[in-house]
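The structure appears right after this line, and notes come after that.
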Amino acid sequence: MSLLDKYLPRTEFESYEDFYKNFSINIPENFNFAYDAVDVLAQEKPNERALQWCDEKGANAVFTFAQIRDYSNQAANVLKQAGIGKGDPVMLILKRRWEYWPILLALHKLGAIAIPATHLLTTKDLVYRCNAADIKGIICVDDCELMRRINEAEAIMKRSGEAHGVSHLCYTAYVRSVHTPKDHDPALIVKEKFAELTKTDNKTETFSGSVTDGAAGVYGAGAEEKANSQISEPLLTWVDFKPLMNAASQVFQKPENVNTNNDIMLLYFTSGTTGMPKMVRHDFAYPFGHIATAKYWHRVIPEGLHLTVADTGWAKAAWGCIYGQWFCEAGIFIYDYDRFDPAAMLDVMCKNKLTSFCAPPTIYRFFIKEDLKQYDFSSLTHCSVAGEPLNPEIFDQFLAQTSSGKEGIKLRECYGQTELTVSLCTWPWLEPKPGSMGKPAPGYDIDLLTEDGTPCKMGEQGEIVVRTDKRKPYGIFGGYYRDDDLTASVWHDDIYYTGDVAWKDEDGYFWFIGRNDDVIKSSGYRIGPFEVESALLEHSAVLECAITGVPDEERGTIVKATVVLAKGFTASEKLKIELQDHVKKTTAPYKYPRIVEFVKELPKTISGKIRRVEIREEDAQQK
């Protein structure tokens, strides 16, 4: 019996309508993904491939479900010894290192709260997150610049009196503790253990996975000294955590009452496109929300190999890199890179015989500029896309260029938020419409509301809302951590307001317009930034662009384009007019940008999303 058979009464459906109406999940009480999914697979199918990893330097590793269980047990033992327990918030900054998976599972096994984060966080970002979530531990990669920023953040918190018992664990580098009681100092425990371990040669890998030279964990020589040397007050010693895990027992005793389904399992900080990042909390039943994602959107298969291009610091990794995929018993593929090279990624995809792939439109935009006919896509059967609406040109070219010797691959889009799981999707029974988000996921009662709260008519723009009066969708968030007022402002009267605007066509497909704050109202028209940006991006001179509204006495608001030019193009009045004429011909003429500003770069969040709010604020200051 497969793992899915334990939780799904039914897995096959004749149509989208059948799927939407009859898909259901039997969720048991006190579910814990680490024990009840991964450990079960390790027991029943110990030698099946769970995770395959490689990096751009040539290192690679393959881990079975039994090995993932054993490493997660070792990590749980070390974390427990260091004082991490139920309900403790622990930040993970592990990039795409394979260690992220056993450590995340270890936190689940302890009933702790995992807070995935990106290595791009600034010192200010780290201080904000540590204070907002009372973070007890930070587990990071051996990146001396990242370690320096963590040190700097700690120094700032100490000087302001805001540090509150944080123990910082650096996984592939070092461990330290801050302001913990003297009678229970995790740093002392870890340092004593480390002192014993360092008496022997522990610089080489000791785990049993098939890992080549150069694998994660041996990059960090001298990182501690570099991190401490760049701040005015050096802090506690960082200690290499890898030998601690290698020396720990592979047996971990499950704690009593480790969690209920309602306990917090994950906290995600939003990317902050319109303000300070919010803390989105997800409970221990959250993994079930990704079964439909993996099986019916990504279309993963048992013993297949799936790659979702996502840093582990973002919620997209939870969508495509662990829960749903392992429920479906598929292998997860991880390509660990710092600099995106489309040819290198395509080569990795084909050499490793991936069966399914998911990435944002930007990745595919680079792919179609390569000669895809030279790559062997014979094993690749399904590709999906999320993050922003898909330009039809990318859909058409990818379909054509992957059709050598077989039917081309149709990219399937979806829509969701950090607060949700896949909510709208081009499901297998639906014919893709490039640029459309598709139709609602089972369990999601989705509507579009006008500004006065009435349901939209076909073709009318309105805010995407999720009605929760009859049932809560699988995987929906439990609210914003420590902010009931903010939660109530977006989720009240059994309606969750997404803040995103869309319209629905005659076939029931939803089409994204933009964030509510980004939609421009000009002369009675509502103009979504995506459509205008999409039109501009079709012009060869445009590398990136952002569409915003500027106050205007006559029209109320006029459209402004902030443009980053591609190489070989120079800003000029002639080019401005050319771009305006191009938009007039590509979309409705009233949507063309009456103001065009050429810039070297666009303001973005640390996740790479454009901060249109910052452009609007700068324009307001210039008035």
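For an aromatic pair to be called close, the ring centres must be under 6.0 Å apart, and F288 with F327 satisfies this. Side-chain rings of H492 and Y497 approach one another, their centers coming within less than 6.0 Å. Here the two rings, on Y496 and F477, have centers that are under 6.0 Å apart.
A salt bridge (Lys or Arg N to Asp or Glu O under 4.0 Å) with R97 is found for one member of D311, D142, D55 and no other, namely D142. Between I115 and the options L92, I135, V90, a side chain to side chain contact (heavy atoms under 4.5 Å, CB included) holds for only I135. Looking at F333, Y71, Y335 one by one, the single match for ring-ring contact (aromatic ring centres under 6.0 Å, His included) with W98 turns out to be Y71.
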Working for side-chain contact (heavy atoms from CB on, under 4.5 Å), residues W429 and D18: CA-CA 10 Å; W429 307 272; D18 183 22; over 6 Å; no
Worked check of side-chain contact (heavy atoms from CB on, under 4.5 Å) between M265 and N259: CA-CA 9 Å; M265 184 185 76; N259 69 274; over 6 Å; no
Step-by-step side-chain contact (heavy atoms from CB on, under 4.5 Å) determination, F269 to D125: CA-CA 10 Å; F269 282 82; D125 295 327; over 6 Å; no
Derivation and outcome, side-chain contact (heavy atoms from CB on, under 4.5 Å), residues V309 and F340: CA-CA 10 Å; V309 180; F340 170 61; over 6 Å; no
Chi angles and distances behind the salt bridge (charged side-chain N to carboxylate O under 4.0 Å, His left out) call for K6, D36: CA-CA 11 Å; K6 298 180 180 181; D36 301 320; over 6 Å; no
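Under the 3.5 Å distance criterion, the side-chain polar atoms of Q325 are left unmatched by any main-chain donor or acceptor of A330. Remark: side-chain polar atoms of R69 are not paired, donor with acceptor, to backbone N or O of D39 under 3.5 angstrom. The closest donor-acceptor contact from the side chain of E303 to the backbone of E48 lies at 3.5 Å or more, if one exists at all. Between the side chain of W314 and the backbone N or O of T418, no donor-acceptor pair lies under 3.5 Å. Of the possible polar contacts, none joining the D5 side chain to the M1 backbone as a donor-acceptor pair under 3.5 Å is found. T487 places a side-chain N or O within 3.5 Å of a backbone atom of D483 that can act as its donor or acceptor partner. One N or O on the side chain of N73 and one on the backbone of Q250 form a donor-acceptor pair closer than 3.5 Å. The backbone N or O of C321 lies less than 3.5 Å from a partner atom in the side chain of W101, making a donor-acceptor pair. Remark: the backbone N or O of N30 is paired with a side-chain donor or acceptor of N261 at under 3.5 angstrom. Under a 3.5 Å cut-off, the side chain of K433 and the backbone N or O of W511 do not form any donor-acceptor pair.
Taking CD of E463 as the reference point, atom CG of L449 lies at 7.5 Å (rounded to 0.5 Å). One distance of note links OG of S72 with CD of Q67; it measures 12.0 Å at 0.5 Å rounding. For the atom pair CD1 of I495 and CZ of R467, the computed distance is 4.5 Å after rounding to the nearest 0.5 Å. Put simply, CG on L486 and CE on M279 are 9.5 Å apart, with the number rounded to the nearest 0.5 Å. To the nearest 0.5 Å, the span separating OH on Y286 from OH on Y268 amounts to 5.5 Å. Atom OH of Y16 sits about 10.5 Å away from atom OG1 of T426, to the nearest 0.5 Å.
Stacking of R96 on the aromatic ring of Y337 is recorded, both the 6.0 Å distance cut-off and the 45° axial limit being met. Cation-pi geometry between R471 and Y474 is met: the NZ or CZ atom falls under 6.0 Å from the ring centre, inside 45° of the normal. With Y35 as the aromatic partner, K254 meets the cation-pi criteria of under 6.0 angstrom to the ring centre and within 45 degrees of the ring axis.
Residue A294 comes nearest to C328 through the heavy atom pair CB-SG, 4.1 Å, listed as atom of the first residue, atom of the second, then distance. P361 and A386 get closest at one heavy-atom pair: CD-O, 3.5 Å. Taking all atoms of both residues into account, the shortest heavy-atom contact from R129 to P277 is NH2-CG, 3.7 Å. Annotation for S249 and N77: closest pair O-ND2, 2.9 Å, computed over non-hydrogen atoms. Of all heavy-atom pairs spanning R412 and W297, the tightest one is O-NE1, 2.9 Å. K109 and V258 get closest at one heavy-atom pair: O-CG2, 3.2 Å.
When side chains are defined from C-beta on, R299 does not count as touching T381, because their heavy atoms never get closer than 4.5 Å. Contact of the D447 side chain with the V465 side chain is registered, since non-hydrogen atoms from C-beta on lie closer than 4.5 Å. At a threshold of 4.5 Å between non-hydrogen side-chain atoms, the residues T468 and P473 count as touching. The shortest side-chain heavy-atom distance between T11 and Y296 falls under the 4.5 Å cut-off. Side-chain contact between R515 and D500 is present, with at least one heavy-atom pair separated by less than 4.5 Å. The side-chain heavy atoms of L380 and T355, taken from C-beta on, include no pair separated by under 4.5 Å. At a threshold of 4.5 Å between non-hydrogen side-chain atoms, the residues E329 and S2 count as touching. Two residues are said to be in side-chain contact when any heavy atoms from C-beta on lie closer than 4.5 Å; Y100 and I334 fail this criterion.
Ion pairing between D143 and K95 holds under the 4.0 Å rule for side-chain N and carboxylate O.
Annotation: K351, atom NZ; neighbour count of heavy atoms from other residues, nucleotides and ligands within 6.0 Å does not exceed 12. For NZ of K21, the number of neighbouring non-hydrogen atoms (other residues, nucleotides, ligands) closer than 6.0 Å is 12 at most.
Classified by interplanar angle (parallel below 30°, tilted 30° to 60°, perpendicular above 60°), the ring pair W326/F33 is parallel. The aromatic rings of Y323 and H108 lie parallel to each other, with less than 30° between the two planes, well short of the 60° mark.
Inspection of the H382 and S356 side chains reveals no N or O donor paired with an N or O acceptor under 3.5 Å.
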